[in-house]
Amino acid sequence: MGRRSIGTGLSALLLALAACSPQEQTANAAQSSTAPAQASVHPVSGLKVVPVTVTSGNTVHRFQAELADTPAAQQRGLMFRTELGPNEAMIFPSVPQAERSFWMKNTPLPLDIIFIGPDRRILNIAAETPPYTTDNVSSDGVTSAVLELIGGRAAELGLEPGDRVEW
């Protein structure tokens, strides 16, 4: 009699669980459609990767940018990196907004350093900055962020001052 009770109890439990499953799946599906997508993390830097768009005329250019949003991440930047894809970037938010200056110490890649004003428009571009130099390249005014691309990419895409940058 003990076995029969356990078997009946187990069957009832399985039926109850099966009856709950569609509701739980529906609730989970609703959550996943309204929940923000999990941010990806760059495999080399460990920084969060965020989408960045640059609108130049009628063309929107899309990049996946590592977000350097801490003093340590901003100090390191792309130092020691030997690869950066054509649609990869690093973005450095300016908090507080200020004039910015960058150098290429310990950076083996030539970079385009794009200074973005408070209105989120490109102020100026330091194109194809030479690797390893400690010469400063500076913004032409107060910045809300700086975007770094592989050297020559800004010219290739026709990016110029006044283009809008969103992140």
Side-chain angles (χ1 to χ4, degrees), residues 28-167:
N28 289 340
Q31 274 184 331
S32 66
S33 67
T34 58
Q38 295 233 351
S40 62
V41 174
H42 193 274
V44 175
S45 68
L47 297 175
K48 180 179 173 182
V49 176
V50 298
V52 173
T53 60
V54 180
T55 303
S56 182
N58 293 325
T59 305
V60 176
H61 304 284
R62 300 182 192 293
F63 301 94
Q64 290 299 307
E66 297 166 63
L67 179 62
D69 62 352
T70 66
Q74 290 196 4
Q75 184 176 8
R76 183 166 178 92
L78 289 167
M79 285 184 179
F80 310 107
R81 295 281 288 278
T82 57
E83 294 180 7
L84 188 65
N87 295 317
E88 295 179 322
M90 184 172 279
I91 191 158
F92 303 77
S94 297
V95 180
Q97 295 180 355
E99 291 188 4
R100 301 290 300 266
S101 186
F102 281 63
W103 65 3
M104 296 290 290
K105 182 178 182 183
N106 298 320
T107 307
L109 298 170
L111 298 174
D112 290 341
I113 302 175
I114 301 172
F115 297 95
I116 305 161
D119 61 355
R120 295 209 174 187
R121 296 198 177 272
I122 295 175
L123 289 171
N124 62 298
I125 301 171
E128 298 193 60
T129 53
Y132 300 109
T133 184
T134 55
D135 295 341
N136 285 324
V137 293
S138 300
S139 63
D140 287 346
V142 173
T143 67
S144 62
V146 176
L147 182 67
E148 291 182 339
L149 306 176
I150 192 67
R153 187 72 170 137
E156 180 183 320
L157 297 174
L159 305 184
E160 57 188 29
D163 289 349
R164 186 146 182 86
V165 183
E166 295 291 335
W167 66 94

Do [X] and [Y] have side chains that get closer than 4.5 Å, going by heavy atoms?
{"X": "Val146", "Y": "Phe102", "value": "yes"}
{"X": "Lys48", "Y": "Ser40", "value": "no"}
{"X": "Leu47", "Y": "Leu67", "value": "no"}

Which residues share a side chain to side chain donor-acceptor pair (under 3.5 Å) with [X], sequence neighbours left out:
{"X": "Asp69", "value": "none"}
{"X": "Ser138", "value": "Ser101"}
{"X": "Thr53", "value": "none"}

Smallest separation among heavy atoms of [X] and [Y], with atom names:
{"X": "Pro118", "Y": "Ser144", "value": "CA-CB, 3.9 Å"}
{"X": "Phe63", "Y": "Ala89", "value": "CB-CB, 4.3 Å"}
{"X": "Leu147", "Y": "Ile91", "value": "CD1-CB, 4.1 Å"}
{"X": "Gly151", "Y": "Glu128", "value": "C-CG, 3.8 Å"}
{"X": "Val142", "Y": "Leu123", "value": "O-CD1, 3.2 Å"}
{"X": "Leu109", "Y": "Pro131", "value": "C-CG, 3.9 Å"}

Run the side-chain donor-acceptor check on residues 159-167: report pairs under 3.5 Å with partners two or more places apart or on a different chain.
{"residue": "Asp163", "atom": "OD2", "partner": "Ser56", "partner atom": "OG", "Å": "3.0"}
{"residue": "Asp163", "atom": "OD2", "partner": "Glu160", "partner atom": "N", "Å": "2.9"}
{"residue": "Arg164", "atom": "NE", "partner": "Glu166", "partner atom": "OE2", "Å": "2.9"}
{"residue": "Arg164", "atom": "NH1", "partner": "Asp119", "partner atom": "O", "Å": "2.7"}
{"residue": "Arg164", "atom": "NH2", "partner": "Glu166", "partner atom": "OE2", "Å": "3.0"}

Any donor-acceptor N or O pair under 3.5 Å, side chains Asn87, Arg153: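 A donor-acceptor contact under 3.5 Å links the two side chains.
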Distance-only donor-acceptor check, side chains Ser94 and Thr143, under 3.5 Å: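 Their side chains do contain a donor-acceptor pair, which is all the 3.5 Å distance test asks for.
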Trace of the side-chain contact (heavy atoms from CB on, under 4.5 Å) decision for Met104 with Tyr132: CA-CA 5 Å; Met104 296 290 290; Tyr132 300 109; 6.0 Å; no
Polar side-chain atom of Asn136 near backbone of Trp103 as donor-acceptor pair, under 3.5 Å: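 Flag not set: sc Asn136 to bb Trp103 has no pair under 3.5 Å.
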Let me confirm one number: the [atom1]-[atom2] distance from [X] to [Y], rounded to the nearest 0.5 Å.
{"X": "Asp140", "Y": "Ile122", "atom1": "CG", "atom2": "CD1", "value": "12.0 Å"}
{"X": "Leu78", "Y": "Asn106", "atom1": "CG", "atom2": "CG", "value": "12.5 Å"}
{"X": "His42", "Y": "Gln64", "atom1": "NE2", "atom2": "CD", "value": "10.0 Å"}
{"X": "Met90", "Y": "Ile113", "atom1": "CE", "atom2": "CD1", "value": "12.0 Å"}
{"X": "Ile125", "Y": "Leu111", "atom1": "CD1", "atom2": "CG", "value": "13.0 Å"}

Pairs where residues 87-115 contributes a residue and the test salt bridge (charged side-chain N to carboxylate O under 4.0 Å, His left out) is met, not counting sequence neighbours: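 Counting only pairs at least two positions apart or across chains, no salt bridge (charged side-chain N to carboxylate O under 4.0 Å, His left out) contact touches residues 87-115.
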Pairs flagged by salt bridge (charged side-chain N to carboxylate O under 4.0 Å, His left out) wherever residues 51-66 is involved - sequence neighbours left out: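 Found Glu66-Arg81.
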